[in-house]
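The next block holds one structure in the form of structure tokens; read it before the comments.
What you are looking at is a predicted structure, and each value in this text was computed from that prediction instead of being measured. All residue numbers in this chain count up from 1 along the given sequence. Atoms within a ligand are numbered from 1 in the order they appear, just like the ligands themselves.
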Amino acid sequence: MSDERELVIVSLYPRDMNIYGDRGNVLALERRARAHGFAPRVVETNPGDAWPETVDIVIGGGGQDSGQGRVAADLRARGDALRELAAEGTPMLMICGLYQLFGHRFLTHEGTELTGIGVLDVETRGGSERLIGNIVIESDEFGEIIGFENHSGDTVLGPGSRPLGRVIQGAGNNARDGVEGARTGNVIGSYLHGSLLPKNPAISDFLIGAAARRRYGSFTPVAIDDSTANRARAAAKRRPR
Ligand code: GLN
């Protein structure tokens with residue numbers, strides 16, 4: 001048996017919630033975890049699938065309103081388990097459609113209410129304006145975060161979540177507040193596709209570090225060559241919106 005330390009990454013609803021390359025987040029995280037000396041194991045969980053016994057990181061992507069409708073009931077059924085994992089400090093990254101469903105509710109443009117699981121203190125309404133384009137935000141913890149947004153959901157934060165970052169270029173949670181994403185404990189919600197993690201290794205390191213500390217009590221990061229990620233960041237930043 002290898003003495004490598006395992007990290008179990010649950011990929012939530014890859015069949016329905018995986019748009020604009022969000023699967024790239026799972027691939028980037030897997031590769032990054034390996035580079036830091038861990039043995040990542042990805043468990044894809046679609047509606048009805050059993051969960052693994054140990055969960056170290058949970059990753060979820062975006063999708064159309066219809067995809068959100070297909071997973072919402074299954075997500076609610078796992079609500080207690082996910083709220084418990086979040087309260088214990090399990091790191092999670094939820095993009096766009098699942099960011100919305102990790103909040104309290106998503107009211108679609110057509111007036112359908114999808115009840116979320118309230119891990120994040122946010123609420124979303126489908127708007128008439130679509131917010132599309134490359135986006136740059138600034139976060140105290142992660143520095144500049146670069147991605148691509150495409151949503152009509154208008155998200156508002158409550159006091160139980162703080163923004164992931166301040167918007168430098170683009171829209172973010174809505175067209176008014178100048179902030180993007182939500183953070184409660186080690187759970188991050190964000191509209192940034194792109195994929196997000198290949199271009200923002202600082203967030204991968206945060207997820208891996210939090211998971212490693214929780215499961216093994218420590219995390220000693222390995223120096224990794226980020227020159228390719230840095231070139232991708234520079235190219236995305238130069239692109240017009
Ligand atoms: N349906 C949601 C919206 O448009 C989510 C979109 C997405 O995940 N890209 O707001």
field: Contact with ligand 1 for Y99, non-hydrogen, under 4.0 angstrom
entry: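 Not so, Y99 does not reach ligand 1.
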task: Could you tell me if any non-hydrogen atom of M17 lies under 4.0 Å from any atom of ligand 1?
output: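 For ligand 1, residue contact (heavy atoms, under 4.0 Å) with M17 is absent.
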F206 six-ring face occupied by R183 cation (under 6.0 Å, within 45°):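 Checked: cation-pi criterion met.
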Following the transitive rule for hydrophobic clusters with a side-chain heavy-atom cut-off under 4.5 Å over Ile, Leu, Val, Met, Phe, Trp and Tyr, establish whether [X] and [Y] coincide in one cluster.
{"X": "V119", "Y": "V55", "answer": "yes"}
{"X": "I145", "Y": "L29", "answer": "yes"}
{"X": "I9", "Y": "I203", "answer": "yes"}

Hey, is ligand 1 close enough to [X] that some N/O pair sits below 3.5 Å?
{"X": "H151", "value": "no"}
{"X": "R130", "value": "yes"}
{"X": "F106", "value": "no"}
{"X": "Q68", "value": "yes"}

query: Is the count of non-hydrogen atoms from other residues, nucleotides or ligands lying under 6.0 Å from R83 atom CZ greater than 12?
result: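 Counting neighbours around CZ of R83, more than 12 heavy atoms of other residues, nucleotides or ligands fall under 6.0 Å, so yes.
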Pairing donors with acceptors under 3.5 angstrom, does anything connect the side chains of [X] and [Y]?
{"X": "Y191", "Y": "Q100", "answer": "yes"}
{"X": "D56", "Y": "Y216", "answer": "no"}
{"X": "R23", "Y": "S195", "answer": "no"}

May I ask you to list the atoms of ligand 1 that are less than 4.0 angstrom from any heavy atom of [X]?
{"X": "H193", "answer": "9 (N)"}
{"X": "S152", "answer": "3 (C), 4 (O), 10 (O)"}
{"X": "Y20", "answer": "9 (N)"}

- request: Looking only at protein heavy atoms, identify the closest one to atom 1 (N) of ligand 1 and say how far it is in Å.
  value: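 Of the protein heavy atoms, D65 OD1, 2.3 Å lies nearest.
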message: Give me the residue, atom name and distance of the protein heavy atom closest to atom 9 (N) of ligand 1.
response: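 Minimum-distance protein heavy atom for atom 9 (N) of ligand 1 reads C96 SG, 3.0 Å.
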query: Which is closest to atom 5 (C) of ligand 1 in terms of heavy atoms, G63, G153, G61, G62?
result: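 Minimum heavy-atom distance to atom 5 (C) of ligand 1 goes to G63.
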field: Plane angle bin for F148 and H193 - parallel if under 30°, tilted between 30 and 60°, otherwise perpendicular
entry: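 Aromatic pair H193/F148 classed tilted.
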Ligand 1 versus T124: contacting region, heavy-atom distance under 4.0 Å: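 Near ligand 1, T124 shows nothing, with every heavy atom at 4.0 Å or more.
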